[in-house]
Amino acid sequence: MTRQEASVSPPVVLAIAGSDSGGGAGIQADLKTIEAGGAFGTTAITSVTAQNTTGVESTHVLPTGEIDAQCDAVLSDFDVAAVKTGMLATADVVELVTDRVRETAAPAVVDPVMVAASGDRLLASEAESAYEDLVAEATLVTPNADEAAVLTGIDPDSEAEAREAGERLVEMGADAALVKGGHIDGASDDVVDVLVTGDDVETFRHPRVDTDATHGSGCTLSSAVATRLAHGDDIETAVASGIDLLARAVRYNLDVGEGPGAVHHAVELRDRAARDDTAEAVEGVVRAFVDRNVGPLVPEVGTNVAGATPYAERPDETAAVEGRITRTRSGAEPTRGVRFGASTHVARLLLAAREHDPDLRFAANLRYDDAVAAALADLDGPVAEFDPADDRADSVEWGVGTAFDAVDGTPVAVVDRGSYGSEPIAFVLARAPDALVDRTLATLEAVEAED
């Protein structure tokens with residue numbers, strides 16, 4: 001029989017930018033990010049580049065008539081909810097795009113692309129002044145430090161100067177300016193992005209990632225923000241969402257090509273897609289613990305099993321037992337089911353361990369005494385210990401770091417000697433759920449044999 005259609009109507013985003021044959025930046029990055037964000041991407045290609053992860057080999061700018069025809073084709077047919085501009089290359093193209101943005105009621109995010117991450121120039125020097133009129137039409141302009149210096153004459157080497165540059169861009173007519181901090185104070189442990197609007201200044205901080213794989217970062221951020229604006233978010237919310245996505249996309253970058261690689265445009269979509277499998281894996285570990293009765297290993301505070309998605313960054317992105325596994329007369333039993341965000345301490349420890357080995361996905365906490373210590377020592381890797389610092393808010397993260405630094409390779413277990421008052425706890429770590437089960441049951445068998 002003929003089936004009834006079930007169409008959906010996502011918001012439409014128009015990306016006006018150059019094409020990157022390497023797929024990490026430009027129009028390709030825009031479309032990947034827009035689709036991952038739940039919108040429909042349309043394009044007007046301004047130039048064709050021959051580039052990859054190592055650099056730009058050549059650039060061919062399309063005639064302005066062809067660019068204008070693409071814009072007209074999209075705008076005459078689609079209800080465009082947001083516009084994003086990227087590589088425009090020449091003054092003529094900048095002026096054309098300025099006219100198109102001015103005629104369009106949709107919010108516009110202007111990424112003033114001037115130089116590629118590889119250092120290759122993507123904007124003719126005589127086109128720099130043409131950007132002033134486009135900035136004046138922008139809902140948001142998103143320069144990095146070098147681009148902000150060209151546009152404003154202020155070289156933002158600090159947070160205060162980034163704010164000053166953002167204020168200058170708002171004075172030029174932009175509704176808001178996000179001065180990106182990836183190139184500011186590279187010695188700092190934090191990346192500081194400064195958002196300036198007509199009413200307020202907001203600062204976003206996140207830890208700097210030790211990587212050169214930032215190809216496509218500017219395109220991805222501006223496209224992510226445009227996508228959120230198309231969904232109806234306000235500027236502050238859209239920017240915060242875009243920055244969060246980019247921070248994750250840089251950490252879990254794509255190791256492709258001979259160069260540094262590209263940011264992971266669909267990282268949040270992939271993370272959400274992994275949630276069901278992660279929760280099922282945790283449930284499988286719990287069943288194995290119940291079937292074998294791990295009661296002799298359950299500490300007074302109870303045992304929890306935590307499973308992180310492949311791109312987890314927060315405790316609410318780890319699945320765990322709500323209420324823990326406890327000892328009962330009939331054996332070890334979970335008090336409730338598995339859900340995301342159910343664990344705090346085990347999840348924090350697992351996330352801290354992932355800072356040192358991102359492939360770690362699973363952890364379980366067990367009681368710790370001499371018998372357990374002897375059993376853990378017979379497992380297939382080192383065991384690390386730490387004493388928590390009472391005066392540190394990041395005691396778990398700091399302690400796990402010291403534990404990893406004290407051993408060669410990834411430990412199979414980390415022993416916390418005091419976060420639960422007088423009760424020390426052993427945390428078994430694993431990259432796969434089966435490995436977590438095997439290590440825990442091997443520990444149990446050794447402890448039972450000792451008894």
Side-chain angles (χ1 to χ4, degrees), residues 10-20 23-47 49 67-68 70-75 78-89 93-94 96-114 116 122-123 131 133-144 147 151 169 174-180 193 195 215-235 237-243 245-246 249 263 265-266:
V12 176
V13 178
L14 169 60
I16 308 175
S19 171
D20 170 13
I27 284 290
Q28 286 82 349
D30 295 337
L31 287 176
K32 293 172 185 178
T33 305
I34 293 165
E35 178 69 22
F40 184 83
T42 59
T43 65
I45 298 175
T46 59
S47 57
T49 67
I67 300 169
D68 195 36
Q70 294 176 76
C71 292
D72 188 59
V74 172
L75 293 170
F78 296 89
D79 182 13
V80 173
V83 177
K84 177 263 175 181
T85 74
M87 177 185 174
L88 303 182
V93 176
V94 175
L96 167 66
V97 172
T98 300
D99 290 339
R100 280 299 192 173
V101 169
R102 184 181 295 120
E103 296 166 358
T104 305
V109 178
V110 173
D111 182 14
V113 177
M114 297 179 180
L122 299 176
L123 180 72
Y131 255 102
D133 290 338
L134 181 55
V135 168
E137 301 298 330
T139 304
L140 175 71
V141 59
T142 62
N144 60 31
E147 293 157 352
L151 293 171
L169 290 165
D175 292 345
L178 177 68
V179 181
K180 299 175 292 189
D193 302 311
L195 174 65
H215 185 57
S217 57
C219 307
T220 300
L221 175 59
S222 55
S223 293
V225 174
T227 301
R228 292 315 314 166
L229 292 175
H231 280 290
D233 288 359
D234 57 40
I235 288 178
T237 303
V239 167
S241 175
I243 289 173
L245 181 147
L246 183 61
V263 302
H265 318 90

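The first residue in the sequence is number 1, and the count goes up from there. FYI, side chains are in, hydrogens and waters are out, and symmetry mates aren't considered; it's all heavy atoms of this structure.
Here the side chain of K180 pairs a donor or acceptor atom with the backbone of T142 at under 3.5 angstrom. Under a 3.5 Å cut-off, the side chain of E147 and the backbone N or O of N144 do form a donor-acceptor pair. The main-chain N or O of L14 is never found under 3.5 Å from a side-chain atom of T43 such that the two would form a donor-acceptor pair. Looking only at distances, a side-chain donor or acceptor of T46 sits under 3.5 Å from a matching main-chain atom of M87. Remark: side-chain polar atoms of S241 are not paired, donor with acceptor, to backbone N or O of T237 under 3.5 angstrom. H265 places no side-chain N or O within 3.5 Å of a backbone atom of E35 that could act as its donor or acceptor partner. Within the 3.5 Å criterion, the main-chain N or O of D20 finds a donor-acceptor partner in the side chain of Q28.
When all heavy atoms of D30 and C219 are compared, the closest pair comes out as OD1-O, 3.5 Å. Here the shortest heavy-atom pairing between V110 and A138 reads CG2-CB, 3.6 Å. Smallest separation of non-hydrogen atoms from A17 and I27: O-CG1, 3.4 Å. Looking at every heavy atom in both residues, V101 comes nearest to T85 through CG2-CG2, 4.4 Å. Considering every non-hydrogen atom in both P10 and G38, the closest pair reads CB-O, 3.6 Å. In this structure, P143 and L151 approach most closely via the heavy-atom pair CB-CD1, 4.4 Å.
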Is there a side-chain contact (heavy atoms from CB on, under 4.5 Å) between V12 and D79? Walk through the geometry before answering. CA-CA 7 Å; V12 176; D79 182 13; 5.8 Å; no
Would you please test L88 and L134 for side-chain contact (heavy atoms from CB on, under 4.5 Å) and show each step? CA-CA 11 Å; L88 303 182; L134 181 55; 3.6 Å; yes
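Between L246 atom CG and D193 atom CG the span is 8.0 Å, to the nearest 0.5 Å. Taking CG of D133 as the reference point, atom CG of D99 lies at 9.0 Å (rounded to 0.5 Å). If you take OG1 on T33 and NZ on K84, they are separated by 8.5 Å, rounding to the nearest 0.5 Å. Considering CD of E137 and CG of D175, their distance stands at 9.5 Å, rounded to 0.5 Å.
Between R100 and I67 the shortest side-chain heavy-atom distance does not fall below 4.5 Å. Within the 4.5 Å cutoff, side-chain heavy atoms of L221 are placed close to those of I243. Between V141 and P112, the closest side-chain pair of non-hydrogen atoms falls below 4.5 Å. For the pair S223/V13, no side-chain contact is recorded, criterion being any heavy-atom separation below 4.5 Å from C-beta on. Within the 4.5 Å cutoff, side-chain heavy atoms of L195 are placed close to those of L140.
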